[in-house]
Chemist: 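Structure in structure tokens, see below.
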Number of protein chains: 4
Amino acid sequence: MTQITDPEDDTDLPRRKWKQNPNGVRNDILEVAREIFAKKGLSGTRVEEIAARTSTSKRMIYYYFTDKEGLYREVLADAYRQTREAEDALELSGLPPAVALRKVADFTFDNHRRSQDFIRLVMIENVHNARYMPDASKMSGENSSVIRIIEEIYAQGVAQGTFRPGMTAVELHWHISALSYFNVSNRATFSHIFGRQLFDEEGQAILRQHVGDMILMLVQA
Amino acid sequence: MTQITDPEDDTDLPRRKWKQNPNGVRNDILEVAREIFAKKGLSGTRVEEIAARTSTSKRMIYYYFTDKEGLYREVLADAYRQTREAEDALELSGLPPAVALRKVADFTFDNHRRSQDFIRLVMIENVHNARYMPDASKMSGENSSVIRIIEEIYAQGVAQGTFRPGMTAVELHWHISALSYFNVSNRATFSHIFGRQLFDEEGQAILRQHVGDMILMLVQA
Amino acid sequence: MTQITDPEDDTDLPRRKWKQNPNGVRNDILEVAREIFAKKGLSGTRVEEIAARTSTSKRMIYYYFTDKEGLYREVLADAYRQTREAEDALELSGLPPAVALRKVADFTFDNHRRSQDFIRLVMIENVHNARYMPDASKMSGENSSVIRIIEEIYAQGVAQGTFRPGMTAVELHWHISALSYFNVSNRATFSHIFGRQLFDEEGQAILRQHVGDMILMLVQA
Amino acid sequence: MTQITDPEDDTDLPRRKWKQNPNGVRNDILEVAREIFAKKGLSGTRVEEIAARTSTSKRMIYYYFTDKEGLYREVLADAYRQTREAEDALELSGLPPAVALRKVADFTFDNHRRSQDFIRLVMIENVHNARYMPDASKMSGENSSVIRIIEEIYAQGVAQGTFRPGMTAVELHWHISALSYFNVSNRATFSHIFGRQLFDEEGQAILRQHVGDMILMLVQA
DNA sequence: CATGAATGAGATTTCATTCAT
DNA sequence: GATGAATGAAATCTCATTCAT
């Protein structure tokens with residue numbers, strides 16, 4: 001990513017992607033680790049394998065992350081951070097509540113599909129009962145932008161009389177998340193049992209439509 | 001450890017512990033293994049630990065299940081089998097489609113909450129990309145009773161004109177499952193970020209109600 | 001030591017000193033470990049080295065002793081146990097107090113000289129601030145036979161009027177130990193600075209004599 | 001870490017921290033290293049830990065002391081040097097031999113108690129069989145002031161007829177050292193087994209008295 | 001002189017599995 | 001069927017030391 005390779009440095013020495021490049025090395029490890037942890041889980045991952053796919057050595061992993069668990073924690077925190085950032089980019093001002101809410105649902109559905117590694121990390125972390133989650137302080141849902149966004153939309157809809165009162169943003173977020181998450185997390189077993197149809201483009205379009213429909217009907221009921 | 005075998009008691013009588021339980025040892029292993037696999041995953045589980053919590057020794061695990069993976073496969077197949085059996089017990093004949101469909105949703109929501117270990121095994125299996133799933137032949141969704149049940153209800157509703165046509169039972173099942181599953185699978189991370197409110201009795205009642213509502217609105221739209 | 005090698009077992013298979021001989025293997029490890037720990041200390045010792053000098057593998061060390069520290073603890077406890085046993089063998093009944101007390105001093109002086117590994121383990125353990133000592137319950141000085149022996153001798157001497165009253169057995173033991181211990185523990189540095197004379201046979205005889213003299217004079221003063 | 005260097009302050013003036021301390025960095029390292037080596041031994045000590053507690057970096061340790069072993073050697077030599085200096089300060093001229101000798105014993109007993117780190121370094125060095133001791137030339141007991149002091153006292157006592165002839169100063173020093181050293185070196189294990197009484201103020205006073213008594217009786221016998 | 005980054009070699013420990021009885 | 005002992009292969013982690021700037 002932030003590579004600083006010098007083409008002139010063509011000596012016989014073993015090729016190093018970065019000499020003395022702390023962030024380069026650190027990020028390189030982080031990226032590789034994310035992929036492998038997402039694929040194999042914490043206990044299923046070999047530090048060796050991460051090192052092998054890196055431009056550095058196993059030793060550097062311990063240098064920067066103390067131990068395997070430390071690396072896993074960083075990967076997880078990083079993944080959440082990036083997801084937050086993607087959510088922060090959502091721009092919905094000016095839209096009518098119903099339109100905006102569907103946009104949130106669609107965005108979540110699409111974004112989850114795009115972020116398979118993130119979903120897998122969350123699956124894995126749930127198997128661990130959230131033991132390695134970043135400090136609650138950094139994660140608190142209060143200042144989560146999705147929640148704030150949904151809150152605003154919902155409040156506006158209620159004010160306009162188009163949404164029924166009595167619900168919370170977290171509830172709405174929960175429903176949208178559940179449907180969008182399951183679509184990625186359980187694809188393997190679900191398609192094993194019920195076939196792949198729901199996962200081809202047409203099937204996905206139908207599901208996506210349903211998700212938005214259900215959410216809107218829920219608030220408009 | 002908790003063994004009750006008496007060296008002098010070398011008669012032909014079956015060992016007391018398993019008197020009414022011919023496959024005693026095997027089932028004992030299976031039960032213990034299910035619990036531990038559900039808690040720690042495949043790679044996170046130690047054969048040692050399973051053996052220790054069993055009334056038998058490690059040797060027997062290999063005797064009955066060949067290897068750790070074999071045991072895991074059996075545990076998984078067993079768990080699915082039991083879930084199927086629970087679903088088969090659903091009796092809805094005679095009810096109007098809308099009532100029946102809500103009952104299916106409620107049942108699924110409740111049943112998932114009760115079957116945490118099963119859900120965890122499914123989570124784990126999805127991390128493994130469904131690599132260890134029982135043969136598709138045994139699992140095929142065609143002969144799944146939930147699907148057949150939903151199919152009947154839906155067909156009836158469409159025939160009566162109360163449900164809109166154009167949907168499939170698998171789609172409906174997908175939505176119900178997603179919402180019911182996420183409620184269990186992601187409780188750890190979700191409550192870490194957004195608090196525990198949705199998981200106390202009141203919160204769960206609300207979510208359960210929403211799930212039924214959304215499904216019904218989806219078919220009645 | 002407790003070897004059970006069978007000369008008839010001359011197959012092509014790799015030679016094993018003991019197959020399926022738990023105590024053999026365990027004691028073998030313990031003996032080798034004691035020697036090496038005594039020589040190099042806890043952190044200075046390589047598990048590898050212990051294994052290499054054993055008839056088994058590194059793996060067995062972990063099988064029986066959990067980890068390096070566990071092995072060290074056992075070695076230490078074992079060494080203390082053996083020292084106690086040697087002390088228990090002291091037979092002094094019937095001797096006049098002064099003679100008996102000198103015998104205790106002489107025995108301790110000689111026994112320490114013979115038990116270099118034990119002394120070294122105690123040195124090492126003191127460097128660790130006695131962190132790995134066996135449970136105080138097993139070690140309590142109350143039921144230590146040396147203390148009881150000295151107590152009896154001293155009480156008798158006081159009763160007879162040959163020893164002055166007002167001292168404790170632990171104090172006497174302390175002095176005898178200090179002199180006997182230092183003779184072994186500090187030989188290396190002391191002889192480095194002041195030469196080897198005190199450590200040749202003649203020097204040792206003189207020191208030994210002094211130790212007994214001083215103790216007797218102390219109680220007879 | 002607690003560095004006070006200012007990048008703009010690139011004058012020729014010596015760094016503030018070491019204004020009156022030309023060998024500042026070196027001595028800083030030495031002091032920290034002494035403490036840690038005394039606590040954990042040679043193999044138990046991490047160069048990393050020394051560096052961390054120093055005002056400099058690891059690099060400087062290697063710059064000044066070549067390697068860990070070199071640093072350890074210097075620490076040890078330094079500790080002996082300081083002990084010698086303390087002994088040199090003893091001023092006993094004019095006192096009657098018996099009084100002077102008890103003063104030497106008392107001084108040694110007290111001085112050892114005060115110099116725990118030194119005693120620990122000696123313990124550690126004895127575990128290493130005195131492999132890292134400073135050159136014998138620097139250390140030779142001949143020019144050791146304690147030995148010379150004791151020699152003088154003893155000679156005077158013999159000349160006066162109050163001390164019996166036939167002993168050497170090294171022997172006397174050996175006894176005093178043994179008792180004073182053990183008091184510090186074996187406190188951990190001894191009190192673990194026999195309790196702490198001998199190590200409280202009263203107990204120590206008794207032991208100290210005994211040590212002087214025994215030495216005096218030994219020469220006066 | 002000074003520093004943070006980097007590292008090879010090796011140490012400790014783990015784990016599924018098999019063996020001997 | 002049953003059991004405790006045994007094990008090879010591999011995984012995690014540590015440490016003194018050197019390098020690049």
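Sequence lines set the chain letters: A, B, ... in the order given, protein chains first and strands last, and positions in each chain run from 1.
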Chemist: Using only side-chain N and O atoms of Tyr63(A), determine if any of them is under 4.0 Å from OP1 or OP2 of dT7(E).
Modeler: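 Looking at the OP1 and OP2 atoms of dT7(E), neither is under 4.0 Å from any side-chain N or O of Tyr63(A).
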Chemist: Residues in side-chain hydrogen bond (donor to acceptor under 3.5 Å, both in side chains) with Thr54(C), at least two apart?
Modeler: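 Here no residue qualifies.
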Chemist: By salt bridge (Lys or Arg N to Asp or Glu O under 4.0 Å), which residues pair with Lys68(A), not counting sequence neighbours?
Modeler: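 Not a single residue meets the salt bridge (Lys or Arg N to Asp or Glu O under 4.0 Å) criterion with Lys68(A).
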Chemist: What residues, two or more places apart in sequence or in another chain, satisfy side-chain hydrogen bond (donor to acceptor under 3.5 Å, both in side chains) together with Arg73(B)?
Modeler: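 So Arg73(B) forms a side-chain hydrogen bond (donor to acceptor under 3.5 Å, both in side chains) with Glu69(B).
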Chemist: Between Lys40(C) (NZ) and dA11(E) (P), how many Å, whole number?
Modeler: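 Taking NZ of Lys40(C) and P of dA11(E), I get 10 Å after rounding.
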Chemist: From CD1 of Ile50(D) over to C1' of dA16(F), roughly how many Å is that when rounded to an integer?
Modeler: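 Whole-Å distance recorded here is 11 Å.
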Chemist: Nearest-Å distance, CG (Asp28(C)) to C1' (dA6(F))?
Modeler: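 Taking CG of Asp28(C) and C1' of dA6(F), I get 14 Å after rounding.
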Chemist: Rounding to an integer number of angstrom, what distance separates dT21(F) and dC1(E) when you compare their C1' atoms?
Modeler: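 That atom pair is separated by 13 Å.
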Chemist: Just checking, is any N or O donor in the side chain of Glu74(D) or Tyr132(D) under 3.5 Å from an acceptor N or O on the other one?
Modeler: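 The criterion, which ignores hydrogens and geometry beyond distance, is not satisfied for Tyr132(D) and Glu74(D).
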Chemist: What closest approach, in Å, do Leu42(D) and Ile124(D) show between heavy atoms, and which atom pair accounts for it?
Modeler: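 In terms of heavy atoms, the two residues are closest at N-CG2, 4.2 Å.
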Chemist: Under the salt bridge (Lys or Arg N to Asp or Glu O under 4.0 Å) test, which residues partner Lys40(A), sequence neighbours left out?
Modeler: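 Partners of Lys40(A) under the salt bridge (Lys or Arg N to Asp or Glu O under 4.0 Å) test: Glu49(A).
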Chemist: Rounded to the nearest Å, what distance is computed from the CZ atom of residue Phe65(D) to the P atom of nucleotide dT17(F)?
Modeler: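 One finds 14 Å between P of dT17(F) and CZ of Phe65(D), rounded.
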Chemist: Residues two or more places apart in sequence or in another chain: which of them pass side-chain hydrogen bond (donor to acceptor under 3.5 Å, both in side chains) with Arg81(C)?
Modeler: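 So Arg81(C) forms a side-chain hydrogen bond (donor to acceptor under 3.5 Å, both in side chains) with Asp78(C).
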Chemist: Nearest to the side chain of Met60(A) - dA2(E), dA6(E), dG8(F)?
Modeler: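 The answer is dA6(E).
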Chemist: Quick one: side chain to side chain contact (heavy atoms under 4.5 Å, CB included) partners of Ala38(D), sequence neighbours excluded?
Modeler: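 Partners of Ala38(D) under the side chain to side chain contact (heavy atoms under 4.5 Å, CB included) test: Asp117(D), Arg120(D), Leu121(D).
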Chemist: Starting at atom CD of Glu49(D), determine the distance to atom P of dT14(F), rounded to an integer number of angstrom.
Modeler: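 That distance rounds to 14 Å.
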Chemist: Given that both pair distances must be under 3.5 Å and the pair must be Watson-Crick or G-U, what runs of three or more consecutive pairs involve DNA chain F?
Modeler: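 Correct response: E:2-21 with F:2-21.
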Chemist: Check side chain to side chain contact (heavy atoms under 4.5 Å, CB included) between Ser57(A) and all other residues, then give those that pass, not counting sequence neighbours.
Modeler: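 Side chain to side chain contact (heavy atoms under 4.5 Å, CB included) check on Ser57(A) returns Arg59(A), Met60(A).
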Chemist: Return the set of residues passing side-chain hydrogen bond (donor to acceptor under 3.5 Å, both in side chains) with Ser43(B) (not counting sequence neighbours), or none when no residue passes.
Modeler: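 Scan of Ser43(B) (side-chain hydrogen bond (donor to acceptor under 3.5 Å, both in side chains), adjacent residues dropped) gives Ser43(A).
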Chemist: For DNA chain F, which residues of residues 123-132 of chain B approach it to below 4.0 angstrom with any heavy atom?
Modeler: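 Within residues 123-132 of chain B, no residue comes under 4.0 Å of DNA chain F.
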Chemist: May I ask you to say what Tyr64(B) touches in the nucleic acid, namely base, sugar-phosphate or nothing, with a heavy-atom cut-off under 4.0 Å?
Modeler: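 Contact class for Tyr64(B): sugar-phosphate only.
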Chemist: Return the value, rounded to whole Å, for the distance between atom CG of Leu71(C) and atom P of dA11(E).
Modeler: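 The distance from CG of Leu71(C) to P of dA11(E) comes to 16 Å, rounded to the nearest Å.
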Chemist: Holding to side chain to side chain contact (heavy atoms under 4.5 Å, CB included), I want the full list of residues that pass it with Val122(A), two or more places apart in sequence or in another chain.
Modeler: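 Result, side chain to side chain contact (heavy atoms under 4.5 Å, CB included) vs Val122(A): Tyr80(A), Phe118(A), Asn126(A), Tyr181(A), Asn186(B), Thr189(B).
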Chemist: Show each protein N/O and nucleotides 12-14 of chain E N/O combination with a separation under 3.5 Å, one pair to a line.
Modeler:
from, atom 1, to, atom 2, distance (Å)
dT12(E), OP1, Thr45(C), O, 3.3
dT12(E), OP1, Lys68(C), NZ, 3.0
dT12(E), OP2, Val47(C), N, 3.0
dT13(E), OP2, Tyr62(C), OH, 3.1
dT13(E), OP2, Lys68(C), N, 3.2

